[in-house]
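The structure under discussion appears below in the form of structure tokens.
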Number of protein chains: 2
Amino acid sequence: MSSEQQTLAEKAFESIYAMIMSGALPLGGIVNEVALSHTLEIGRGPVREAVQRLQGLRLVTREPYMRARVVSLSVRDMVEIFQLREAAEGMAARLAATHMSDAEIAALIERFERRRAGLPGPDGETPDVFDVHVRIAEGSGNSRIRHLLCEELYHLLRLYRRRSGALPGRRGEALDEHWQILRALQIRDPALAESLMRSHISRATELLLATLPDQAPRRADNTAA
Amino acid sequence: MSSEQQTLAEKAFESIYAMIMSGALPLGGIVNEVALSHTLEIGRGPVREAVQRLQGLRLVTREPYMRARVVSLSVRDMVEIFQLREAAEGMAARLAATHMSDAEIAALIERFERRRAGLPGPDGETPDVFDVHVRIAEGSGNSRIRHLLCEELYHLLRLYRRRSGALPGRRGEALDEHWQILRALQIRDPALAESLMRSHISRATELLLATLPDQAPRRADNTAA
DNA sequence: GATGGCAAAAGTGTTGACAGTTTAAGGCGC
DNA sequence: GCGCCTTAAACTGTCAACACTTTTGCCATC
């Protein structure tokens with residue numbers, strides 16, 4: 001964790017990512033390469049590379065000569081993400097049920113129990129809300145699914161949670177559902193694990209859909225008649 | 001289709017992508033930025049941007065000061081891609097069953113019938129093997145799933161098909177299975193469409209798994225005792 | 001007062017040169 | 001002859017300047 005990163009582009013990426021998360025760069029706002037290069041006191045090349053990586057993560061949109069903008073994150077976007085999560089995380093749970101070792105599952109369950117009881121973890125970790133989901137994605141043994149979930153989707157979920165409507169609460173039910181999923185892993189039932197995970201995410205998706213301002217009009221045309 | 005593209009980086013991206021597909025850049029081979037910039041007769045900046053985009057698509061691997069390499073595409077990688085496809089395309093089929101219009105489904109079925117009979121399409125199109133899959137991904141109405149399948153995974157499938165083992169044949173069965181999926185769309189049965197799509201891809205995954213050189217050892221530990 | 005074109009300003013795309021790191025070659029000792 | 005260290009070559013990372021495009025503000029015109 002030294003202040004001396006490996007490459008300036010990496011440092012720029014993390015800085016800009018943090019700016020988006022903190023709101024220093026507002027949600028629909030413009031991402032100015034030269035302004036950022038002055039702020040970060042580096043050349044425009046690394047900034048440009050970082051913005052391109054952010055575009056790869058779909059955190060900013062960018063077209064040839066137009067200015068780059070931070071993503072807007074409409075409810076519609078969130079619904080799409082949740083639908084993809086339902087599919088990918090369901091498969092991750094299915095794979096994890098046969099791929100994770102007994103020790104890994106036991107450790108995950110113990111960790112979960114501690115968190116549930118409000119205790120700090122055995123190693124003073126950061127108790128992320130997505131903890132169970134991350135562990136299962138990693139435990140799937142499928143690096144592409146893990147990358148999709150952990151590197152591409154969870155960033156957007158965190159952003160939405162922090163800077164928009166805080167993603168329907170559901171604390172209690174979610175814990176119960178997590179527990180059932182972990183049990184399915186423990187008894188090595190892939191179909192059950194997938195089914196439970198899909199139901200878990202599907203319920204959240206339904207809540208999101210209920211938040212939709214009715215049916216999104218295809219185009220918002222504000223030109224006065 | 002003019003030779004004058006919008007931006008040089010875009011041109012570089014397409015050129016390098018074609019080089020990988022044609023084998024001009026071999027599968028595990030090194031991607032040299034200055035050599036490419038000389039070959040394409042452009043500066044190193046656009047080449048660099050293109051390589052980064054290729055890295056985003058996971059077609060090349062790249063670490064800070066190391067040379068970039070074209071991906072290797074092991075059977076293991078293909079199995080991971082197929083597992084993700086099973087999940088994502090299954091969801092795409094489920095969504096398409098409620099989202100596609102009657103006209104879209106009818107057009108897709110007619111197109112499929114023509115191809116099946118060996119006729120050229122009504123508009124002289126390119127009869128891609130992934131045609132049905134692409135149309136369903138687009139018909140899902142979920143831009144993120146469409147992007148994942150059409151922009152990130154199908155490239156790798158085409159590459160593997162052309163430059164490695166030609167992905168288990170199964171021409172006849174695949175056509176039948178496609179037909180059943182289209183029928184499920186037509187009768188508006190989301191669960192059936194998803195189930196059929198998953199079975200369709202799962203069968204191909206099984207064939208791939210059978211190709212695996214037995215079972216991949218978890219770690220290759222060559223330290224002598 | 002509103003609308004259209006025109007010009008300056010701001011911003012992105014591209015280039016060539018320089019700095020830092022890795023890789024490869026060469027020489028030295030064993 | 002083989003292995004290790006030194007050194008040069010090759011390559012990637014970074015920067016500052018230039019070219020092209022878009023945007024913005026202004027002015028004339030309707």
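Convention: sequence-line order gives letters A, B, ...; per-chain numbering from 1.
- Taking each heavy atom of A/Ser72 and A/Leu27 in turn, the nearest pair found is O-CD1, 4.0 Å.
- Remark: the A/Arg44 side chain and the C/dG13 base include a donor-acceptor N/O pair separated by less than 3.5 Å.
- Rounded to an integer number of Å, the gap from A/Lys11 NZ to D/dT14 P is 11 Å.
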| said: I'd like to know whether B/Asp131 forms a salt bridge (Lys or Arg N to Asp or Glu O under 4.0 Å) with B/Arg111, so could you lay out the CA-CA distance, the side-chain angles of the two residues, the decisive distance to 0.1 Å, and finally the verdict. | reply: CA-CA 9 Å; B/Asp131 201 40; B/Arg111 188 185 171 87; 2.6 Å; yes
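- The nearest whole Å value for the distance from the OH atom in A/Tyr65 to the C1' atom in D/dT22 is 10 Å.
- Closest to the B/Arg48 side chain, of the nucleotides C/dG13, D/dC11, D/dT14, is D/dT14.
- Counting to the nearest Å, the P atom of C/dT21 and the CD atom of B/Glu63 are 16 Å from each other.
- Using a 4.0 Å heavy-atom criterion, one finds that B/Val47 contacts no nucleic acid atom at all.
- In this entry the distance linking CD1 of B/Ile30 with P of C/dA24 reads 7 Å, nearest Å.
- Regarding B/Glu41, its CD atom lies at a distance of 15 Å from the C1' atom of C/dT15, rounded to whole Å.
- In this model, the phosphate group of D/dG13 is approached by a side-chain N or O of B/Arg62 to a distance below 4.0 Å at OP1 or OP2.
- Each of A/Met66 and B/Arg67 lies near DNA chain D, and the nucleotide nearest B/Arg67 is the one positioned closer to the 5' end.
- Remark: B/Arg85 qualifies as a cation-pi partner of B/Phe82 under the 6.0 Å distance and 45° angle criteria applied to the six-membered ring.
- The nucleotide whose nearest atom lies closest to any side-chain atom of B/Pro46 is, among C/dT15, C/dT23, D/dT12, C/dT15.
- Counting only heavy atoms from C-beta on, A/Leu8 has its side chain closest to D/dC15 among D/dC15, C/dG13, C/dT23.
- Rounded to whole angstrom, the span from the CD atom of B/Glu49 across to the P atom of D/dT12 amounts to 16 Å.
- For B/Thr7, no side-chain nitrogen or oxygen approaches OP1 or OP2 of C/dT12 to under 4.0 Å.
- The residue B/Gly45 sits close to a base: some heavy atom pair falls under 4.0 Å.
- Look at CZ on A/Arg69: it is 15 Å from C1' on C/dT12, rounded to the nearest Å.
- Screening residues 24-54 of chain A for ring-ring contact (aromatic ring centres under 6.0 Å, His included) gives no qualifying pairs among residues at least two apart or on separate chains.
- Checking D/dC11, D/dC15, D/dG13 against every side-chain atom of A/Ile42, the shortest atom distance belongs to D/dC15.
- To the nearest angstrom, P of D/dT23 lies 14 Å from CG of A/Asn32.
- A salt bridge links B/Glu10 with B/Arg53; the closest basic N to acidic carboxylate O contact falls under 4.0 Å.
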